[in-house]
Amino acid sequence: MVTTMDIQAQEMGIDQGTTSVAAMVNGVAKNAANYGFRPDAKASDNVTALQRAVNDGGTVLIDVAGTYEIDKEVVLKSNTTVIFGANTVVRKTADCSVFINEGAFSRSFDENISIVGLHLDCNSHEAHFYENAYGLLGHIAMFYVKNLSIDGFHVNNLPSASFGIHVCTFENIRITNCYIEGHKDGIHLGRGKGFYIAHCRFKTFDDPIALNGHDYPISNPEIGWIENGLIDDCYDLADEERGTTGFFARILAGGWKDWEEGQMYQYNGDVCVSDGKIYRTTAGDPYGKGKQLACASSKPTHESGSATGEDGLTWTYQQSQGVGYTAGVRNVVFSNIHLQKPRITALSIHFDRDGWSRSFYPGSTTPVQENLVFENIFVEAELKSLIVAVTPVNSIKIINSVIGNCKACDLISLDTSSGIKYGKTHILLSGTTFRGHGTQTIVEADQRTAALKVMGSIVENDDFKAVTGKNVDVLYSDMEIQQE
C-alpha cells in the first residue's frame, strides 16, 4: 500500500527505512516514544504520553513496533500529523474514540490534520458520545475540520454501534487506502463540502459509506448538505459470516420546518428550527414509543443539551451554524466501484421513516438531491437493484458500467400526502454492459416520472429483453426497450 508519505519520500529520494523520514518530509518530527508512548505502558499512561506529544502540533512519529493500549481519546489540534510505523497497533481497553479534533468541543474549525497508518484493534470497545457534540460517534471522530487527511487506516473488528471514521461539518477531506471490516458503517459523513474517498476495501455488516446529510439524532452532530465529492476505486467485499444490512452507500436527505405550537412530532427523530437553531427529538424507544406522536406546546429555546417540555417531547440542541430547512447530497461521483456483496440495493438515495428518524416532516420544503454520477460500476454479486431512489433527484447518470440481473434504477415514491413533491428524474445509461438473461426491467418509476436515454449499450446474451416501467419516457435508446 502506497501512502502519501511514501510518494513524498520517493520524490525526495529518501530511504524510508530510517526514522528520519518524517522529519525530512514534514519538518522536524517528534518521536512519541520520547514522551512515554510505548507498547509496555499502561493504557492511561499511553494516552497522557501521546497527548503530550501532539499538544504543540507538528509531526509525531510512532515507530516502535508493538501494540499500544489506550483508554481515552487523544485530542488533535490544527497543523498536526500523526504517523504510525510498520507493525504498530493501537488497542482500546475502554469505550472511547482514538482521535478527536480540539475544535469538535467548541464547534470551531481545526485545519491541516493528518493521520497516517493507524491500525486499530477495537477489542470489542465502542466509541462514546460527547455531550457537546451529540451524535459524533467514530473511532476516528472529526467535527469542524478543514484539510483532513486519513491514509492507511486499518481495522478488522469494528463493533456494532460506532463508525470507523466519522467526519461532520468539514471542508476538503481525503480518506485513502483504508481497510475497514466489522459491523457498523466504515466511513460516515455528515454535512460538508469537498471530499475524496479512494482505494478503500470494506467488509461491513452495515453501510461501508454513508453520506448522511440528514441522519438519526444519535448518528450526526449536525445536518445539512454534503457536496462536491469523488468516491473512487472502492470494494464492497462479500462477507458470508456476517451477511449484511443497509447498502454499499447510503445517500440520505431530509426536510423540516419551523417549530409551531400544535404540530405533531415524533418522540424520536423529528427536526425543527426554533429561534434560528436546529433541534431534534430524542425521547422514546426507537422500536416502540419513538414513532408515536405528541402535540407540541413547549417551544425549545435552550442552547445546549436536552430539555423535556410539559408536552413530553425531549428536544436536543443540534446546531446554530449552517441552519437551513433541507439536507442531502449533490455533485458526487462514484467511480470504479466493485460490488461483490449480495444486497437488495447497492446504492440508496434515501429517506428514513421509522422510530429512529423521520427524514421528511410533513409540509416541509422538499429536498432534491442533485447531479449523482455512477461510472465504472461493476456488479459482481446478486442485487435486486443497483440504485433505488426514494428521495427526489434531478439526474442519475450510470456510465461505462456492468449490470447483471438487476434493475439499474428504481424510483420509489413515499406518501405524497405529506407534501413531498417529486419532479421528473433524468436518467442516462451510457456505455452499459447488460449481462442479464431473460426479461429485465432496467428502470422502474413507481408513481413517479422519469426521462431515460440509453446509448452505447452492450448486450451480452441473445435472450435478454429490456423493459421499463410505464412512467418512464424513453427519449432515446440504441437497443430495443419495451414498456410495461
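These figures come from a predicted structure and were not determined experimentally.
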[atom2] on [Y] to [atom1] on [X], rounded to 0.5 Å:
{"X": "N461", "Y": "F434", "atom1": "CG", "atom2": "CZ", "result": "12.5 Å"}
{"X": "I251", "Y": "L189", "atom1": "CD1", "atom2": "CG", "result": "11.5 Å"}
{"X": "R448", "Y": "L414", "atom1": "CZ", "atom2": "CG", "result": "8.5 Å"}
{"X": "S304", "Y": "K277", "atom1": "OG", "atom2": "NZ", "result": "10.5 Å"}
{"X": "E171", "Y": "K193", "atom1": "CD", "atom2": "NZ", "result": "5.0 Å"}
{"X": "I396", "Y": "C409", "atom1": "CD1", "atom2": "SG", "result": "3.5 Å"}

Taking atom [atom1] of [X] as the centre, report whether more than 12 heavy atoms of other residues, nucleotides or ligands fall under 6.0 Å from it.
{"X": "I344", "atom1": "CD1", "value": "no"}
{"X": "R107", "atom1": "CZ", "value": "yes"}
{"X": "E460", "atom1": "CD", "value": "yes"}

Does the structure place the NZ or CZ of K184 under 6.0 Å from the centre of the six-membered ring of F163, at an angle of no more than 45° from the ring's axis?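 Relative to the ring axis of F163, which defines the angle, K184 lies outside at least one limit.
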
Could you tell me whether K257 sits above the aromatic face of Y361, with NZ or CZ closer than 6.0 angstrom to the six-membered ring centre and within 45 degrees of the axis? no

When D110, T169, I115 are each screened for side-chain contact (heavy atoms from CB on, under 4.5 Å) with M142, the one that passes is I115

Are any of the side-chain nitrogens in [X] or [Y] under 4.0 Å away from the carboxylate oxygens of its partner?
{"X": "R358", "Y": "D270", "answer": "yes"}
{"X": "E227", "Y": "R330", "answer": "yes"}
{"X": "K299", "Y": "E260", "answer": "no"}
{"X": "D236", "Y": "R343", "answer": "yes"}
{"X": "K397", "Y": "E375", "answer": "no"}
{"X": "R191", "Y": "E222", "answer": "yes"}

Between [X] (side chain only) and [Y] (backbone N and O only), is there a donor and an acceptor less than 3.5 Å apart?
{"X": "N405", "Y": "H437", "value": "yes"}
{"X": "T204", "Y": "F202", "value": "no"}
{"X": "D311", "Y": "L313", "value": "yes"}
{"X": "N220", "Y": "D215", "value": "no"}
{"X": "D207", "Y": "A210", "value": "no"}
{"X": "E126", "Y": "A161", "value": "yes"}
{"X": "Y134", "Y": "S219", "value": "no"}
{"X": "T425", "Y": "V393", "value": "yes"}
{"X": "T366", "Y": "K421", "value": "yes"}
{"X": "Q440", "Y": "I442", "value": "no"}

Looking only at heavy atoms, which two atoms of [X] and [Y] are closest? And how far apart?
{"X": "L475", "Y": "A451", "answer": "CD1-CB, 3.8 Å"}
{"X": "V155", "Y": "C122", "answer": "CG2-SG, 3.8 Å"}
{"X": "V390", "Y": "F351", "answer": "O-CD1, 4.1 Å"}
{"X": "I113", "Y": "S78", "answer": "CG1-CA, 4.4 Å"}
{"X": "F129", "Y": "G135", "answer": "CD2-N, 3.9 Å"}
{"X": "F247", "Y": "T345", "answer": "CD2-O, 3.5 Å"}

Take T441 and E484 through the side chain to side chain contact (heavy atoms under 4.5 Å, CB included) test and state the conclusion after the steps. CA-CA 9 Å; T441 301; E484 292 178 348; 3.0 Å; yes

Is the shortest side-chain heavy-atom distance between [X] and [Y] below 4.5 Å?
{"X": "I349", "Y": "L411", "value": "no"}
{"X": "F374", "Y": "I387", "value": "yes"}
{"X": "R435", "Y": "T433", "value": "yes"}

Distance-only donor-acceptor check, side chains [X] and [Y], under 3.5 Å:
{"X": "T468", "Y": "E444", "value": "no"}
{"X": "Y325", "Y": "D258", "value": "yes"}
{"X": "T176", "Y": "D151", "value": "yes"}
{"X": "D233", "Y": "N336", "value": "no"}
{"X": "Q369", "Y": "T391", "value": "yes"}

Parallel, tilted or perpendicular: which fits the ring planes of [X] and [Y], with parallel below 30° and perpendicular above 60°?
{"X": "H166", "Y": "H188", "value": "perpendicular"}
{"X": "H128", "Y": "Y130", "value": "tilted"}
{"X": "Y265", "Y": "W315", "value": "perpendicular"}
{"X": "F334", "Y": "F248", "value": "perpendicular"}
{"X": "H154", "Y": "H119", "value": "parallel"}

Flag the pair H214 / F360 as yes when their ring centroid distance falls below 6.0 Å, and as no otherwise.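 No: the rings miss the under 6.0 Å criterion.
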
When the ring centroid of H302 is compared with that of Y317, is the distance short of 6.0 Å?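 No, the ring of H302 stays outside the 6.0 Å limit from the ring of Y317, centre to centre.
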
Intermediate values then yes/no, side chain to side chain contact (heavy atoms under 4.5 Å, CB included), F143 and V145: CA-CA 6 Å; F143 182 35; V145 64; over 6 Å; no

Test log, rule side chain to side chain contact (heavy atoms under 4.5 Å, CB included), inputs V116 and F84: CA-CA 6 Å; V116 180; F84 291 86; over 6 Å; no

Assess the residue pair Q266 and T281 against the criterion (side chain to side chain donor-acceptor pair (under 3.5 Å)); give the C-alpha distance rounded to whole Å, side-chain angles, the decisive distance to 0.1 Å, and a yes or no. CA-CA 7 Å; Q266 287 192 178; T281 53; over 6 Å; no

Step-by-step side chain to side chain donor-acceptor pair (under 3.5 Å) determination, T301 to D275: CA-CA 7 Å; T301 59; D275 292 343; 5.5 Å; no

Given D415, which of S417, S418, S413 fulfils the side-chain hydrogen bond (donor to acceptor under 3.5 Å, both in side chains) condition?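 It is S417; the other options fail the test.
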
Residue pair L211, I231: steps toward the side chain to side chain contact (heavy atoms under 4.5 Å, CB included) verdict: CA-CA 11 Å; L211 306 181; I231 298 168; 4.2 Å; yes

